[in-house]
Structure formats: structure tokens, C-alpha cells
There are 2 protein chains.
Amino acid sequence: MTAGFKKYSDKECSGNLNAIGDALYAIGGKWKLRLIVALMEGSRRFNEIQRTVVGISAKVLSKELKELEMNGFIRKIEHKGSLVTTSYELTSYSHSLNPVIEALNRWGRQHRKKIIGKE
Amino acid sequence: MTAGFKKYSDKECSGNLNAIGDALYAIGGKWKLRLIVALMEGSRRFNEIQRTVVGISAKVLSKELKELEMNGFIRKIEHKGSLVTTSYELTSYSHSLNPVIEALNRWGRQHRKKIIGKE
DNA sequence: CTGTATCCGCCCGGATACTG
DNA sequence: CAGTATCCGGGCGGATACAG
């Protein structure tokens, strides 16, 4: 149509949409990224994570942790002591999300500024 | 980022979680980012968008477009001709999401490679 | 074409109680 | 502490019909 607008080829189009779709399929939803961030920030134990990620219930946290584990983002570790303690940690693969999280982080900060300034 | 693990202070912790939370609040959910990408790729009309973003129903598309408009990501344009035609376009603000989308795009591509290689 | 209205089933997830 | 089991209500979203 008008000049200056960047038009993608059909292949690029579906490719980009597919890539975004793949990404959202893996880390989309309300909690997954928040949980990964919480773990990046040092939360390790079940209750600790639940306290950090405000609003998540035990049931949902349990389910989400399982999915994250199945998809290779986190690892569950049982420490056998006098008591068995459990902890979760990120796998190296989850660090491949650093650019995504960094971008969201920056955008979220500047978006908040914009919203607060408005109201 | 370097290879070492970065430990954040408590303030940074909640700050990062809040920023991610803000971002997800605005552009989280199943469709918003996909719709923005579809618009970036050149879809303009209602049905065109619906065809591009596979799986979305008219009802949900309508709702999502309204929300995106309210939050300043897109603009609805009525062309008064012999027939009234409607089109949607991205605002400049939505382009601030470029780094996020770019990061997701890259990650999605390499994630797909990993998944396909596995199966 | 660009939506809106209505009906409705299903699943997500909260609350609570319970187990190891 | 780290979850699981059960119950249950609301809402998300599909299908369909309809409107401008």
C-alpha cells in the first residue's frame, strides 16, 4: 500500500507468528514466567515461592512446578537429611530466557511509568 | 549477561517481579501479543486478523481488540467511503514492545529446534 | 464485512480438609 | 513443610443466530 511500511513475506509472517506461538505455548499463562523469575531471585522452597509469587494457590503452584519441570525449566531436588527437604532450582535451559525476561522487565518498568503518569 | 549467577537484593527482587507482573498484566494472556504481531505483519481488517491468528473466535477477537485499544496499543479507524470499512493499526506505543517481541521470537525459534530435536 | 447477543458446557482454580 | 483430594462456583470461550 503506502511506501515505507515494512511488509513481510508470507513465510516470514507465519514464521514469526509460529515462533511467538511456540514461545507462548511454553512459557505463556499467568504464572510460568513469574515463577521462573522468583526462582532467579532466590526462592527455593515450596512455601517460599508461594510467598514470593503473590496470589498463587498451593494447588496451582504444584501444577505449574510440575509443568515447568517436565518442560526442562526447573529441577526438583530432595535433600535427604534427618528431615527430607525439597527445593527447586532453575536448569541452565531456563537461563536461555534471560533476554526475554530482561526485555519484559525493561518494558514493564517503563510501562508502569506511563500508566502512573496518566492517572 | 555474564555466566555468574546474579543475586538480587530484596528491593530489586520485588521490583523485578512487579515489573514482570505489570508487563504480563498488560500484554499477558493467550492472544494480545499474537494480535500485535499479526498487526505488525500487515493484517488490518477484522476478518483478516481472525484468519491470521488461528484459533481465535470473533467474540474473543472483538474483546481483545477493545482491550488493546483501551490500553493504547492499537487504533481503530473507520474509513467512510461508499461503504464504511474498518481497519486496525498499531500505535507508536506498541512499537515499544519490539524488544520483547524480538526476544520472544528468537527464543521461540530456538526452543522449537530443541523440542523437535527431542521427538 | 464487522461485529453483538444469547445460550451453555466445561474447566480453571479457590477453599478447605487432609496426609506423610 | 510440601503437597494431595474433594468439592464446587464463576467465568471463559465455543457455537449459533442475528444486526448494521
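Here is how names work: the chains are called A, B, and so on, in the same order as the sequence lines, proteins then strands, and each is numbered from 1. Only this structure's heavy atoms are used, side chains among them; waters, hydrogens and symmetry mates stay out.
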Would you find a donor on one side and an acceptor on the other, under 3.5 Å apart, between the side chain of [X] and the backbone of [Y]?
| X | Y | value |
| --- | --- | --- |
| E89(B) | R44(B) | no |
| T52(B) | E48(B) | yes |
| R75(A) | E69(A) | no |
| E102(B) | N98(B) | no |

Ignoring backbone atoms, establish whether [X] has a side-chain N or O less than 4.0 Å from OP1 or OP2 of [N].
| X | N | value |
| --- | --- | --- |
| Y88(A) | dG3(D) | yes |
| R45(B) | dT2(C) | yes |
| S57(B) | dG14(D) | yes |

Problem - Criterion side chain to side chain contact (heavy atoms under 4.5 Å, CB included) against L104(A), the qualifying member of D22(B), L97(B), L104(B), I27(B) - result: I27(B)
Handout entry: Neighbours of DNA chain D within residues 60-81 of chain B, by heavy-atom distance under 4.0 Å
Key = V60(B), K63(B)
Exercise for the section: Between I56(A) and R51(B), just flag the one whose closest nucleotide in DNA chain C comes earlier from the 5' side. Expected result: R51(B)
In whole Å, I'd like the distance from the [atom1] atom of [X] to the [atom2] atom of [N].
| X | N | atom1 | atom2 | result |
| --- | --- | --- | --- | --- |
| E48(A) | dA2(D) | CD | C1' | 13 Å |
| W31(A) | dG13(C) | CH2 | P | 9 Å |
| N47(A) | dT4(D) | CG | C1' | 14 Å |
| K30(A) | dG13(C) | NZ | P | 7 Å |

Practice task
Identify which nucleotide among dG14(D), dT2(C), dA2(D) has an atom closest to any side-chain atom of F46(A), counting heavy atoms from C-beta outward.
Solution key: dA2(D)
Exercise for the section: Ignoring the backbone of K59(B), work out which of dA2(D), dG3(C), dG13(D) is nearest its side chain. Expected result: dG13(D)
Exercise for the section: Anything under 30° is parallel, anything over 60° is perpendicular, the rest tilted; go ahead and classify H111(A) against F73(B). Expected result: parallel
Handout entry: Atom pair CE (M40(A)) and CG (L35(A)), whose distance is rounded to the nearest 0.5 Å
Key = 12.0 Å
Handout entry: 4.5 Å side-chain heavy-atom contact, I101(A) and I36(A)
Key = yes
Between the protein and nucleotides 17-20 of chain C, list every N/O to N/O distance that falls short of 3.5 Å.
none

Practice task
Output, in order, the C-alpha distance, side-chain angles, deciding distance and verdict of side-chain hydrogen bond (donor to acceptor under 3.5 Å, both in side chains) for R109(A) and N105(A).
Solution key: CA-CA 6 Å; R109(A) 286 177 195 284; N105(A) 202 346; 3.2 Å; yes
